[in-house]
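These notes are about the structure you will find just below.
These numbers were taken from a predicted model, which means no experiment stands behind them. Numbered from 1 within each chain, the chains take letters A, B, ... in sequence-line order.
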Number of protein chains: 2
Amino acid sequence: MTREQEGNLPDTAAEVLREFARMSGEGVDTANCPVRDVLDRVGEKWTLLILVAMSDEPRRFSALQREVGDISKRMLTQTLRTLERDGLVTRTVYPTKPPSVDYRLTGLGRSVLTPLAGLIGWAGQKHDEIRAAREAYDEREGVAA
Amino acid sequence: MTREQEGNLPDTAAEVLREFARMSGEGVDTANCPVRDVLDRVGEKWTLLILVAMSDEPRRFSALQREVGDISKRMLTQTLRTLERDGLVTRTVYPTKPPSVDYRLTGLGRSVLTPLAGLIGWAGQKHDEIRAAREAYDEREGVAA
DNA sequence: GTTGGTGGTATCGAAAAGAGACCATACCTC
DNA sequence: GAGGTATGGTCTCTTTTCGATACCACCAAC
């Protein structure tokens with residue numbers, strides 16, 4: 001049974017997972033597991049939204065804030081700094097009268113869009129199923145009395 | 001320039017991103033954007049680790065805790081409940097003398113492993129580049145005096 | 001009888017996120 | 001020249017979340 005289920009995965013995916021599980025299993029902590037380190041960053045709530053917002057062309061600070069919608073300046077600044085530090089985006093300041101700043105993806109930043117799109121596609125395909133599961137669970141476990 | 005950079009992405013990826021950006025741009029808030037909703041869950045720090053830990057075969061509570069390593073029982077319980085509610089894992093209780101519980105992926109849960117593996121693969125490939133970027137940034141911006 | 005393992009929950013302090021005020025600048029309007 | 005707008009942030013305060021730990025009931029082995 002389990003074997004067949006595993007068989008659903010593309011070979012490359014299964015291999016990546018095995019490799020990753022092997023590394024994780026060897027008592028490697030977060031500091032020593034670069035994959036976890038990187039994934040924690042990418043998974044940080046706003047990162048994905050910001051990367052996607054910049055995906056087609058450079059954006060200014062305020063444009064990003066408008067586009068993402070419900071992010072605070074504080075978190076936007078913080079996330080952008082992290083992305084810049086990790087080499088995924090570059091920040092450019094133009095010394096105009098009110099200084100303007102734009103953020104754009106680097107090659108590294110662009111390269112993450114492909115796996116990200118895979119995840120976004122999955123979410124888009126499955127969200128109905130997930131919402132149905134949630135409703136069923138809430139009914140079973142009883143939100144109500 | 002920008003066109004060429006976009007050209008690096010596979011067509012399907014670019015399409016998914018455009019579609020997502022379009023949705024996000026239309027003043028849709030989190031509640032109305034199921035993709036964001038789903039991605040927030042999957043991105044939740046421990047989710048990915050737990051899913052991968054279960055990827056090959058069912059795991060018991062304590063096995064998961066050992067395998068993930070530095071997760072607390074509290075967070076493990078919480079994350080597992082969420083995954084169960086979202087229909088990604090099932091929880092089975094065996095009424096043995098000390099009751100044992102196992103968690104296993106559903107079909108839906110297994111289906112997310114493929115995009116997840118894409119991201120993990122990316123992280124594995126790029127972490128050297130990212131760490132180099134961080135060091136360069138810290139030197140530029142000066143952690144030291 | 002005390003220790004260990006099962007799968008958790010309850011509690012509490014620390015860390016992180018969100019909301020919003022504030023800032024320096026300079027432009028435009030009246 | 002007072003007021004409003006916009007730029008890209010920072011600073012502070014409050015709320016939420018997280019992590020560590022203690023504890024529970026159960027039973028088995030020692």
Contact letters for nucleotides 4-15 of chain D, in which S counts primed atoms plus P, OP1 and OP2 and B counts the base, heavy atoms under 4.0 Å: ---SBBB-B---
So that I can tick it off, tell me whether [Y] and [X] are bridged by a salt bridge, with the cut-off set at under 4.0 angstrom between side-chain N and carboxylate O.
X      : Y      : result
B/D138 : A/R85  : yes
B/D86  : A/K126 : no
B/R59  : B/D102 : no

Whole angstrom is fine here: how far is it from [atom1] in [X] over to [atom2] in [N]?
X     : N      : atom1 : atom2 : result
A/I71 : C/dG20 : CD1   : P     : 15 Å
B/K45 : D/dT17 : NZ    : C1'   : 12 Å
A/Q78 : C/dA19 : CD    : P     : 14 Å
A/E44 : C/dA17 : CD    : P     : 7 Å
B/M75 : C/dA16 : CE    : P     : 14 Å
B/L76 : C/dG8  : CG    : C1'   : 10 Å

Residue among A/D70, A/L48, A/I120 satisfying side-chain contact (heavy atoms from CB on, under 4.5 Å) with B/R36: A/D70
Distance test, side-chain N/O of B/W46 to OP1/OP2 of D/dG19, below 4.0 Å: yes
Side-chain heavy atoms of B/R81 within contact of A/Y137, under 4.5 Å: yes
Any side-chain heavy-atom pair of A/Y103 and A/T90 under 4.5 Å: no
